Amino acid sequence: MCARPIALSEKGFVPVMRRPALASLAAVALVAGASLVLVGCARTVESGDGGSLARPTPAPEFPSGLTWLNTATPLTLKALRGKVVVLDFWTYGCINCMHDFPWIERLEKDFPDTLVVIGVHSAKFTEEGNTRNIREIILRYGIDYPVVNDSHFQVWKEWGVNAWPTLAIVDPAGNVVTERAGEGFYPEFKAIISSLVGKFGAEGLLDRRPLKLKLEKQGLPQTVLAFPGKVRVDTKGGRLFIADTDHNRIVVATLDSGKVLAIVGSGRQGFRDGDFATAEFNHPQGVALSAAGDTLYIADTNNHALRAADLAGRTVTTLDGTGAQAADYPPRGGTAPGVALSSPWDVVRDGDELYIAMAGCHQIWTMDLATKRIGPYAGTGAEGYGDGPLDEATLAQPSGLTIGDDGRIYVADAEGSSIRVIDPQRRVVVTLAGAGNSLFDFGDRNGKGRHARFQHPLGVVAAQGLLYVADTYNNRIRVVDPRTGAVRTLAGGAPGWRDGKDPLFYEPGGIDAANGVLYVADTNNNSIRTVDVATGAASTLVLKGAAMLASDHAYGETAVRLPPQTVAAGSGSVRLTVELPEGFAPNPQAPSEVSVAVSRGDAVSLTGATTYTGAGPRFPLTFPAVFRPGTAEVTLDVALVYCREQQASVCMIKQARLTVPVQVVEKGAASAPGPLLSVTYRIR
């Protein structure tokens, strides 16, 4: 991370066990995807012919006492004899590590019964070493293979790894075959694994039995939002745009009440244009609105594309991008739509100019919406922290953008843990706040300019002459004075969930502002929070409109048709019981809502309150009703905020529409209970 990427002309080969252990994290880090791309002096390890080392080198065994995820018990390489094992050394904020996940998934599909992938998570940032946070990342990235928390770099040092990401192959006999750093490993690894499967299969030494796993996602309930990454406010139109990132869609809601107006995208992961119901995205992040308010520009991050949603015509088209990451590093500009991109993470519009935080190549790009010309604007493509002219400065995974009243562009430079400023007039990049001395200078400290510390901030917004920052890994909302660089904390602290005057957040990733209120994508809490800029008090926005949010693909259980019930005639009630998973309870501080209605027929009449709104509802809830002989359908809409009782940071917002067919019979019928419709909904 300390120099421009250097592509070596020949592949290095150093026996794994003879390599020195990591001496200094600050001296090494990999940025790009050539066969061998380095920053600083780190050197990768590869077998030059794609085969085994000259002399078999036993793979180092995993140390005992480490915490494992996605598996019920710790794994050992000894127990995995007969399998080909791929180790992936990664850290969860690293964009290059994220680029490897689709290729790992592809290898798993290529070799479903002979390959075992193990993620070795060796954290760069302090926050990344927390097992609870790694569990959330496993859920967010959909990782379905075992992961070991190597927070003290024990495995890293045993293997002599010196860059993120690094991948290694262990053969079925337990020997190291190859180790290499960087992206673009798939063709090479597929060839090596195919060779190993053929060789060891012919000798009868393969173990094709499936590995028994216990995935972190098992038993968890679904949420209305899944790791929302970004938000955008439309003050004039009274709308809020939410990147529902892990549901691969954009949710459009009213700014004041949270009523859902539209869903952009089917919820299926893919790369497809079409109407709102059929279009497909892959983990979208930042969005920007056209001047007329009728087009939404979307950073479709994992599709490496820019998309446009026609809000009036309700269609999605591709502005630029091929659906695959650019092969060139850094990518080359050109005329859309054929220009290949690399992980666009945020977008902001200024007139006809669209600024793009191109996190995958550590640059800011621009697109002229009139001419469709697109290309680099600031940053060389090297990952760094150097200030200077636009074409000489270096950035580090820029992930948030905003434009101030002064016309300057402010950047949340995530891996640099700093806020950078681009001055279009002077054509320079300057560090406003945060260390700016090293990509490993991070922390949680207020102060002025370079004396302040952030930890992997992903979001920034200019409002009322100040900057508000989603300081992601510090779980805080920070305030920066753009004139002086002075930094203070507005809200947040330990990871968690709490509304009120002393709120808690859990890795917030996006932020926008309107009318003295901040709108925060509280990513790991799967929710949208609002924060009063004057007091720092927060509340949770409950989206309304369960029927619109429900879809057979994404939600299955949110539109539930329950078995018919028979009820005796007379004055009684509709009674709702919600059963939560073990260890969860309704949140006592966030508003939940339940409403009941008769959707068909006249056998049921509601005679009292039909809506419950309040924090921490105690079930069962009852609604007065009169039952008359005949048939009807009763619908209950539920929007419930609930959390783990012992871990308040794990909060869910569950919305469901329950429909119950009802037959009312004369009082005294043998099969009919009293005039009571009792509905039970189990959230799994």
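Starting from 1, each residue takes its place in the sequence as its number. Quantities reported herein were computed from a predicted structural model and do not represent experimental measurements. Heavy-atom basis, side chains included; hydrogens, waters and symmetry copies ignored.
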Kindly indicate whether the side chain of [X], heavy atoms from C-beta on, has any atom under 4.5 Å from the side chain of [Y].
{"X": "Y506", "Y": "W497", "result": "no"}
{"X": "L311", "Y": "F276", "result": "yes"}
{"X": "V638", "Y": "L576", "result": "yes"}
{"X": "I422", "Y": "V411", "result": "yes"}

Give, for atom [atom1] of [X] and atom [atom2] of [Y], the distance between the pair rounded to the nearest 0.5 Å.
{"X": "R349", "Y": "L401", "atom1": "CZ", "atom2": "CG", "result": "14.0 Å"}
{"X": "N525", "Y": "L225", "atom1": "CG", "atom2": "CG", "result": "11.5 Å"}
{"X": "I95", "Y": "M358", "atom1": "CD1", "atom2": "CE", "result": "11.5 Å"}
{"X": "S418", "Y": "L432", "atom1": "OG", "atom2": "CG", "result": "9.5 Å"}
{"X": "I374", "Y": "L306", "atom1": "CD1", "atom2": "CG", "result": "5.0 Å"}
{"X": "D320", "Y": "T335", "atom1": "CG", "atom2": "OG1", "result": "9.5 Å"}

Distance-only polar pair, side chains of [X] and [Y], donor-acceptor under 3.5 Å:
{"X": "E183", "Y": "N96", "answer": "yes"}
{"X": "T318", "Y": "D273", "answer": "yes"}
{"X": "D499", "Y": "S539", "answer": "no"}
{"X": "T611", "Y": "S595", "answer": "no"}
{"X": "Q363", "Y": "W365", "answer": "yes"}
{"X": "H99", "Y": "S343", "answer": "yes"}
{"X": "E127", "Y": "N474", "answer": "no"}

Is R529 positioned over the aromatic face of F505, cation under 6.0 angstrom from the ring centre and no more than 45 degrees off axis?
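Yes; both conditions hold, so R529 lies above the ring face of F505.
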Could you tell me whether R307 sits above the aromatic face of F281, with NZ or CZ closer than 6.0 angstrom to the six-membered ring centre and within 45 degrees of the axis?
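Yes, R307 lies over the aromatic ring of F281.
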Does the pair R249 and D244 meet the rule for a salt bridge (Lys or Arg N to Asp or Glu O under 4.0 Å), with working shown?
CA-CA 5 Å; R249 64 185 190 174; D244 191 7; 2.8 Å; yes
Check the orientation of H456 and Y473. Use parallel for under 30°, tilted for 30 to 60°, and perpendicular for over 60°.
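The rings of H456 and Y473 lie parallel, inter-plane angle below 30°.
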D405 atom CG, neighbour heavy-atom count above 12 within 6.0 Å
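No, because the 6.0 Å sphere around CG of D405 holds 12 heavy atoms or fewer from other groups.
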I'd like to know whether D346 forms a salt bridge (Lys or Arg N to Asp or Glu O under 4.0 Å) with R232, so could you lay out the CA-CA distance, the side-chain angles of the two residues, the decisive distance to 0.1 Å, and finally the verdict.
CA-CA 11 Å; D346 201 9; R232 184 68 70 198; 3.8 Å; yes
For H247 together with H283, are the ring centres under 6.0 Å from each other?
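Ring-ring flag for H283/H247: false, centres at least 6.0 Å apart.
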The test is salt bridge (Lys or Arg N to Asp or Glu O under 4.0 Å); show your working for D512 and K230 and say whether it passes.
CA-CA 9 Å; D512 206 354; K230 297 289 184 183; over 6 Å; no
